[in-house]
**Q** 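Just dropping this structure here.
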Amino acid sequence: MGNHHDHSHHHTNNVRVLFFSFLIIFIFMIIEAIGGFLTNSLALLSDAGHMLSDAAALGLSLIAFKIGERKATEEKTYGYKRFEIIAAFINGITLIAISLYIFYEAFHRFVEPPNVSASMMIIAFIGLVVNIVVAWMLMRGDSKDNLNIKSALLHVLGDLLGSIGAIVAGLLIFFFNWNIADPIASVLVSVLILYSGIRITKDAIHILMEGKPNHVDVDELKKSLSELDGVENVHDLHVWSITSEFPAMSCHLVVGDDIDRDHLLVEANKVVTSNFQIAHCTLQIEGSHINIHEKCDSCDSF
């Protein structure tokens, strides 16, 4: 009951944090895009593009949270929780596409550096303050375990560094008339965007491909189950994630005929839940006389 309450609290807090972060980022994105056009600054426009992807990602994450609340059905027995991971995947792909476009634009500006207004650093400074506020808000969410909150935080931190880059570029243009500093700053921002995009996409694909949670050592899990009294063999062990916060596992335990299977099931569940933080597990107990290869001929055994 306590776990359910904590999960509900985290969920409500995440939704609130995402909503207000979305509003702040979206409003400033419009201001920064207008400023980029008026000052002819690619650094500001690239940062506005990053903020656009952030706003879209935050909006998509909010939708994902709402869809994830829908109950399980006969067709979708886990419910709609994995939509959060699909949202994170779309977010990552968008970040990669934006970073490649900024690289393309920066290349042309390296060849022919345009005149850029040093007033860009005023807008960039405001952006820095906005990003610090939003980063602080997101850190109050469940950024450690939830992939959507984590991805949003990475984006905002990238924006924060991008704002610093735009400020430095503005100073170089103001004091030394180095207009080339603008495309250099935009390239640095795009590198950060590309890194964030690849990282988020990789994490999302890992979950969609039924990869094991990072905190679970499968060899250690198998060893712990094998050491339980009465267990002769552990096979068909699978560990995966429904979402970044919902690890699951299943396996077969081969036991002797004289074992109290109910007691063993309780002990095995304790090991899985307490030692490896896997709340959703399915354990099949079978006698040693069963031919496991004949029974699970189509399974890939671990």
Side-chain angles (χ1 to χ4, degrees), residues 1-11 14 68-86 88 142 144-148 150 202-302:
M1 188 72 175
N3 289 337
H4 177 73
H5 175 75
D6 290 342
H7 178 75
S8 298
H9 172 73
H10 283 307
H11 180 86
N14 286 339
E69 292 175 352
R70 295 171 63 179
K71 295 181 179 180
T73 66
E74 291 184 2
E75 292 184 350
K76 294 178 176 60
T77 56
Y78 278 118
Y80 293 80
K81 298 181 184 297
R82 187 161 279 190
F83 189 80
E84 294 178 24
I85 307 305
I86 296 174
D142 194 16
K144 181 179 178 181
D145 298 320
N146 187 278
L147 187 59
N148 277 316
K150 182 179 179 181
K202 181 181 177 181
D203 289 346
I205 290 175
H206 181 72
I207 293 176
L208 292 173
M209 291 295 293
E210 310 290 356
K212 78 170 186 66
N214 292 329
H215 72 276
V216 177
D217 185 326
V218 178
D219 291 319
E220 188 63 31
L221 173 58
K222 185 174 183 179
K223 179 182 177 183
S224 297
L225 291 172
S226 299
E227 291 175 348
L228 290 173
D229 188 34
V231 175
E232 299 179 1
N233 186 25
V234 177
H235 67 94
D236 290 301
L237 172 60
H238 301 283
V239 187
W240 69 98
S241 297
I242 304 303
T243 69
S244 51
E245 299 173 298
F246 192 162
M249 70 149 287
S250 66
C251 78
H252 294 204
L253 303 178
V254 180
V255 302
D257 295 334
D258 58 341
I259 296 299
D260 183 341
R261 298 190 178 192
D262 290 338
H263 176 73
L264 176 60
L265 188 61
V266 171
E267 292 301 310
N269 271 284
K270 284 182 181 179
V271 168
V272 173
T273 303
S274 301
N275 297 357
F276 298 93
Q277 290 74 54
I278 302 175
H280 186 89
C281 62
T282 302
L283 301 170
Q284 177 170 316
I285 298 178
E286 56 197 33
S288 56
H289 62 280
I290 296 178
N291 188 328
I292 61 174
H293 298 291
E294 183 177 275
K295 192 173 81 66
C296 296
D297 194 39
S298 62
C299 299
D300 291 327
S301 300
F302 174 80

**Q** If the test is side-chain contact (heavy atoms from CB on, under 4.5 Å), which one of Leu221, Val272, Leu283, Thr282 qualifies with Cys251?
**A** Leu283

**Q** Compare every heavy atom of Val231 with every heavy atom of Val255, then report the nearest pair and how far apart it is.
**A**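 Closest approach of Val255 to Val231: CG1-CA, 4.2 Å.
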
**Q** Determine the minimum heavy-atom distance between Met249 and Leu237, stating which atoms define it.
**A**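 Minimum heavy-atom separation between Met249 and Leu237: CE-CD1, 3.6 Å.
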
**Q** Kindly give the heavy-atom pair with the smallest separation between Val239 and Pro213, and that separation in Å.
**A** CG1-CD, 3.5 Å

**Q** What distance separates Ser241 OG from Asn214 CG, expressed to the nearest 0.5 Å?
**A** 8.0 Å

**Q** Would you name the heavy atoms of Ser224 and Phe276 that are closest together and state the gap between them?
**A**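 Shortest heavy-atom separation between Ser224 and Phe276 comes out as OG-CZ, 3.7 Å.
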
**Q** Pick from Gln284, Glu286, Lys222: which one makes a side-chain hydrogen bond (donor to acceptor under 3.5 Å, both in side chains) with His235?
**A** Glu286

**Q** Return the minimal non-hydrogen interatomic distance between Val234 and Ser226, and the atom names on each side.
**A** CG2-OG, 3.4 Å

**Q** Output the distance between atom OH (Tyr80) and atom CD1 (Ile242), rounded to the nearest 0.5 Å.
**A**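 Nearest 0.5 Å value for the OH-CD1 distance: 14.5 Å.
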
**Q** Of the non-hydrogen atoms in Ile207 and Thr243, which two are nearest, and what is the gap between them?
**A**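 Of all heavy-atom pairs spanning Ile207 and Thr243, the closest is CD1-C, 4.2 Å.
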
**Q** Ignoring hydrogens and geometry, is there a side-chain-to-backbone donor-acceptor pair from His206 to Lys212 under 3.5 Å?
**A** yes

**Q** How about Val216 and Pro247: do any of their side-chain heavy atoms sit closer than 4.5 Å?
**A**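 No - every pair of side-chain heavy atoms lies 4.5 Å or more apart.
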
**Q** Between CG of Leu264 and CG of Asn269, what distance do you get to the nearest 0.5 Å?
**A** 9.5 Å

**Q** Drop me the distance from Leu225's CG to His252's NE2, to the nearest 0.5 angstrom.
**A**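 Going from the CG atom of Leu225 to the NE2 atom of His252 covers 13.0 Å.
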
**Q** Is there side-chain contact between Leu208 and Arg82, with at least one heavy-atom pair below 4.5 Å?
**A**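 Side chain of Leu208 against side chain of Arg82, heavy atoms only: contact under 4.5 Å found.
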
**Q** Measure the shortest side-chain to side-chain distance between Asp229 and Ile259 over non-hydrogen atoms and say whether it is less than 4.5 angstrom.
**A**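 Asp229 does not reach Ile259 side chain to side chain.
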
